[in-house]
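Here's the structure, in structure tokens; my notes come after.
These numbers come from a predicted model, not from an experiment. Numbering of ligands and ligand atoms starts at 1, following listing order.
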Amino acid sequence: MGQKENDVVIRDLDKIYGNLLKEDTVALKGINLSIKKGEFVSIIGPSGCGKSTLLKIIGGLEKLSAGTIEYSDPENRLGFVFQDSVLLPWKNVRENAEFPLVIQKKQTKENEEKLDALLDLAGLKEFSSALPRELSGGMKSRVSIVRALSYDAPLLLMDEPFGALDALTRDHLNIELLKIWSKTNKTIIFVTHSIEEAVFLSDRVIVMATRPGRIREIVPIDLTRPRDEDSRNDSKFGEYCRYLREIIG
Ligand SMILES: Nc1ncnc2c1ncn2[C@@H]1O[C@H](COP(=O)(O)OP(=O)(O)OP(=O)(O)O)[C@@H](O)[C@H]1O
Ligand SMILES: [Mg+2]
């Protein structure tokens, strides 16, 4: 078996939002996309091109209007990281991260140990008992990522998780995210507005266009892994960014 197995296969997907007062919105039209197991894929494109809609449909939070999606995981387990961290203000860091385990009644010793290892990996161990209001924006983002990883779903969907952060914190968290990704073998679908972020993180960058929301081009990113600060100085890194900026226009 030379080729890696697909994790998510999307065929001929359309999404139309009905609207009582004006014309329906064709948010997505004719999306065809296969994502491989363990792959890191980013989605970029102009505001309103349907990135969040596509992620929500993959995550089962929104219905599709036409087409099919197949998942390799029969239980279809996934984690979702939203743009704002949405932490429960009265629960501390560890309790927030543990929340999916509590809801799903999966607080086994093994899962609790994994959670502590993830908190450690994300540099949050010392802040386990801190409340969200005591955290910086970057720390909150890390808690929401650990929370999405806590029940060990094979697929992680991230909608601009670092969008609200300053460039330095974002660069730092990108490296942390890649570390976690390489240690946990997740498939990650990552929405961003930043071309640099997409290139730095991804195996492939999906470029979308608007009206109707569709895939314009898929660009494979052939930079060596593991990636670190130095990867940004690679001349190929700059070339990919320039090329993407050109097609996004
Ligand atoms: N619940 C909804 N009801 C009706 N229309 C919607 C709904 N959600 C999104 N839309 C429309 O669908 C289109 C795609 O929206 P979506 O939020 O997926 O875009 P996006 O690419 O994530 O944009 P951004 O980069 O600004 O986050 C837009 O025209 C938007 O107005
Ligand atoms: Mg969006």
query = Could a heavy atom of Cys49 be found less than 4.0 Å from some atom of ligand 1?
reply =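 Yes; Cys49 lies near enough to ligand 1 that a heavy-atom distance drops under 4.0 Å.
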request  = Check whether any heavy atom of His193 sits under 4.0 Å from an atom of ligand 1.
outcome  =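 For ligand 1, residue contact (heavy atoms, under 4.0 Å) with His193 is present.
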Test: [X] and [Y] ion pair at under 4.0 Å:
X      : Y      : value
Asp159 : Lys56  : no
Glu176 : Lys179 : yes
Glu196 : Arg245 : yes

Do ligand 1 and [X] have nitrogen or oxygen atoms that lie under 3.5 Å from each other?
X     : answer
Ala27 : no
Glu62 : no
Gly45 : no

query = Is it the case that Lys15 places NZ or CZ above or below the six-membered ring of Tyr17, under 6.0 angstrom from the centre and within 45 degrees of the axis?
reply =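 Yes, a cation-pi geometry.
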Contact partition for Thr25 relative to ligand 1, non-hydrogen atoms under 4.0 Å =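 It is the side chain that gets close, since no backbone atom is under 4.0 Å.
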request  = May I ask you to check if any N/O/S atom from Thr53 comes under 2.8 Å of the Mg ion (ligand 2)?
outcome  =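 Under 2.8 Å: Thr53 has no N, O or S contact with the Mg ion (ligand 2).
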request  = Check step by step if side chain to side chain contact (heavy atoms under 4.5 Å, CB included) holds for Leu177 and Ile188.
outcome  = CA-CA 10 Å; Leu177 178 62; Ile188 299 186; 4.3 Å; yes
request  = Ignoring hydrogens, tell whether any protein atom lies closer than 4.0 Å to atom 31 (O) of ligand 1; use the non-hydrogen atoms only.
outcome  =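 Neighbour list for atom 31 (O) of ligand 1 is empty of protein heavy atoms (cut-off 4.0 Å).
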request  = Please report which non-hydrogen protein atom sits nearest to atom 17 (O) of ligand 1, along with the residue it belongs to and the distance in Å to one decimal place.
outcome  =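 Here the closest protein heavy atom is Ser52 CB, 3.8 Å.
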